[in-house]
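Before any comments, here is the structure.
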Amino acid sequence: RNFNPAGNYVYTGTSQSYGSGLPTPLTGNLTIESTSSITNSSRTINSPGTMTVNGILDLGTTTIGGTGAFTLGSGGSLKIGSTTGLNGNITVSGTKTFNSNATYEYNGALAQATGLLLPSSITGTLKINNSNGVSLSQSTTATTVDMSLGNLDLGSNNLTLTNLNITSPSSTTMIIADDGELRKIYSTDGAFTFPIGDKTSGNDYSPVSIDLIADSYSSAYVSAKVVDAKHPNNTSATSYLTRYWTLNQSGITNPLYDINMFYVDSDINGTESDIYAGKRTAGIWYLLDASTPATNKLSGTTISGFSDFTGGEQGALP
């Protein structure tokens, strides 16, 4: 078989691979149509032409390189396997275009970073499907985040989302937010669970949920992060948690909410039944409910304002 390197190749079928017959280098153009699902598990493509993906392309750990251009179209989908994310899979020196209305799935066999080529605003889906975890390389806003498998470590970056798909959150499938914030966009009243945890001394899943009502929302969000340490202003001497949560908001008028926070056994110092929830605002602690030892839960109702929360002795959180 003879395949002209300068030809244009269009894939329209499903469950295909590039095939050994595809010329390398390819000086023409390669297009994956919206109806197509292509797996590239072994071929490195070096081309001065343009590669356009409108369907699904599973890159594995292979490289799209050369002097050409690469375009991921609206509605397209990339399955990214490189440990350095998009930056490792797409190395063309020409123009790189990544449509925000696309799906970016990280499914590598080793720990990955998203890479700085990932759009900072995704109106499609960011999907985490890697049991070894993924690290966010820059602050990102996504319409939908799909936590299929593995942890997403925010590092010092913020992740802002509208929708979150996570079936069974746990210490192995959560968002690590011990420095950067997980931000949930709000346009109306409602409840949301922040499936967050930390990695300070092993992965600890310590989510916080709120049920929020407010007068109005304008480009609004609530943010949450968690620290695996005793709060620096918690003066409890005997019974307390070595964990605290920080919640903030933007664009919300007169918020009121109920809150539930969940800690792990290793956070408990002293007698768990002597621990109460506390909220710190403007340098003052406000006492909330007694802990619920059976479920490792702190809670409070009809709270106004957002700030730091932790657990300690009743007398230390007046």
Side-chain angles (χ1 to χ4, degrees), residues 139 153-160 174-184 186 191-201 203-214 220-270 272 274-293 295-318:
S139 292
D153 188 347
L154 302 187
S156 59
N157 303 300
N158 300 322
L159 174 63
T160 305
M174 66 176 179
I175 296 174
I176 297 172
D178 49 10
D179 191 3
E181 298 177 343
L182 175 60
R183 297 175 173 178
K184 169 67 170 70
Y186 272 87
F192 181 74
T193 296
F194 294 82
I196 59 175
D198 75 278
K199 63 179 191 304
T200 303
S201 55
N203 293 340
D204 292 331
Y205 180 56
S206 47
V208 54
S209 62
I210 64 170
D211 194 350
L212 173 67
I213 61 171
Y221 68 79
V222 174
S223 68
K225 63 180 181 178
V226 62
V227 176
D228 184 5
K230 185 182 182 183
H231 192 284
N233 299 113
N234 185 354
T235 60
S236 302
T238 304
S239 299
Y240 56 88
L241 296 182
T242 55
R243 182 169 301 277
Y244 64 93
W245 297 260
T246 299
L247 277 70
N248 286 303
Q249 67 96 358
S250 177
I252 303 176
T253 305
N254 297 327
L256 289 173
Y257 59 97
D258 298 339
I259 189 169
N260 291 301
M261 298 157 284
F262 296 87
Y263 50 90
V264 298
D265 287 342
S266 59
D267 297 333
I268 302 166
N269 284 265
E272 186 176 5
D274 290 341
I275 295 175
Y276 283 72
K279 173 180 180 285
R280 188 170 177 83
T281 302
I284 299 173
W285 285 110
Y286 292 86
L287 188 68
L288 303 176
D289 297 344
S291 63
T292 306
T295 55
N296 283 20
K297 182 177 73 172
L298 297 177
S299 57
T301 57
T302 320
I303 300 171
S304 61
F306 291 89
S307 56
D308 289 357
F309 296 81
T310 192
E313 296 161 0
Q314 189 173 13
L317 308 175

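Just so you know, these numbers come straight off a predicted model, no measurement behind them.
With hydrogens and angles left out, the side-chain atoms of D308 and T246 include a donor and acceptor closer than 3.5 Å. The closest side-chain donor-acceptor pair between S223 and K225, if any, does not fall under 3.5 angstrom.
Of the possible donor and acceptor atoms, one in the side chain of E313 sits under 3.5 Å from a partner among the backbone N and O of T238. A donor-acceptor contact shorter than 3.5 Å links the side chain of N296 to the backbone of Y263. A donor-acceptor distance shorter than 3.5 angstrom exists from the side chain of N234 to the backbone of G311, with no hydrogens or angles considered. Side chain of K230 to backbone of S236: a donor-acceptor contact under 3.5 angstrom is found.
The shortest non-hydrogen separation linking P207 to T193 is CB-CG2, 4.2 Å. Of all the heavy atoms in G312 and L317, the pair that sits closest is N-CD1, 3.5 Å. Heavy atoms only, all atoms of each residue included: S201 and D228 are closest at OG-OD2, 3.2 Å. The two atoms that bring M174 and D198 nearest to each other are CE-O, 3.8 Å, heavy atoms only. Residues Y276 and L287 share a closest heavy-atom pair of CB-CD1, 3.6 Å. Between I196 and A177, the shortest heavy-atom distance links the atoms CG2-CB, 3.9 Å.
Residues passing the side chain to side chain contact (heavy atoms under 4.5 Å, CB included) test with N260 are S209, F262, K297, S299, sequence neighbours excluded.
D178 CG to S206 OG: the interatomic distance, rounded to the nearest 0.5 Å, is 9.0 Å. Atom CG of D289 is separated from atom OG1 of T301 by 5.5 Å, given to the nearest 0.5 angstrom. Separating the OG1 atom in T302 from the CD1 atom in I213 is a distance of 8.0 Å, to the nearest 0.5 Å. The line from CG of D211 to CZ of F192 is 13.0 Å long, rounded to the nearest 0.5 Å. For the atom pair S239 OG and E272 CD, the distance stands at 10.0 Å (nearest 0.5 Å).
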| said: For a side chain to side chain contact (heavy atoms under 4.5 Å, CB included) check, start with the C-alpha distance between L288 and L298, then their side-chain angles and the critical distance, and finish with the verdict. | reply: CA-CA 8 Å; L288 303 176; L298 297 177; over 6 Å; no
| task | Step by step, work out the side chain to side chain contact (heavy atoms under 4.5 Å, CB included) result for I303 and L256. | result | CA-CA 5 Å; I303 300 171; L256 289 173; over 6 Å; no
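Tested against H231, the residues W245, Y240, F309, W285 include a single ring-ring contact (aromatic ring centres under 6.0 Å, His included) partner, W285.
Side-chain contact between L154 and I175 is present, with at least one heavy-atom pair separated by less than 4.5 Å. Between P293 and I268, the closest side-chain pair of non-hydrogen atoms is not below 4.5 Å. Residues T242 and N269 form a side-chain contact, since some pair of their non-hydrogen atoms from C-beta on lies under 4.5 Å apart. In this structure the side chain of R280 never reaches within 4.5 angstrom of the side chain of T310, judged on heavy atoms. Looking only at side-chain heavy atoms (C-beta outward), Y186 and I210 come within less than 4.5 Å of each other. Within the 4.5 Å cutoff, the side chain of V222 has heavy atoms near those of the F194 side chain. Counting only heavy atoms from C-beta outward, the side chains of R243 and D204 approach each other to under 4.5 Å.
Between Y257 and F306, the ring-plane angle classifies as parallel under the 30° and 60° cut-offs.
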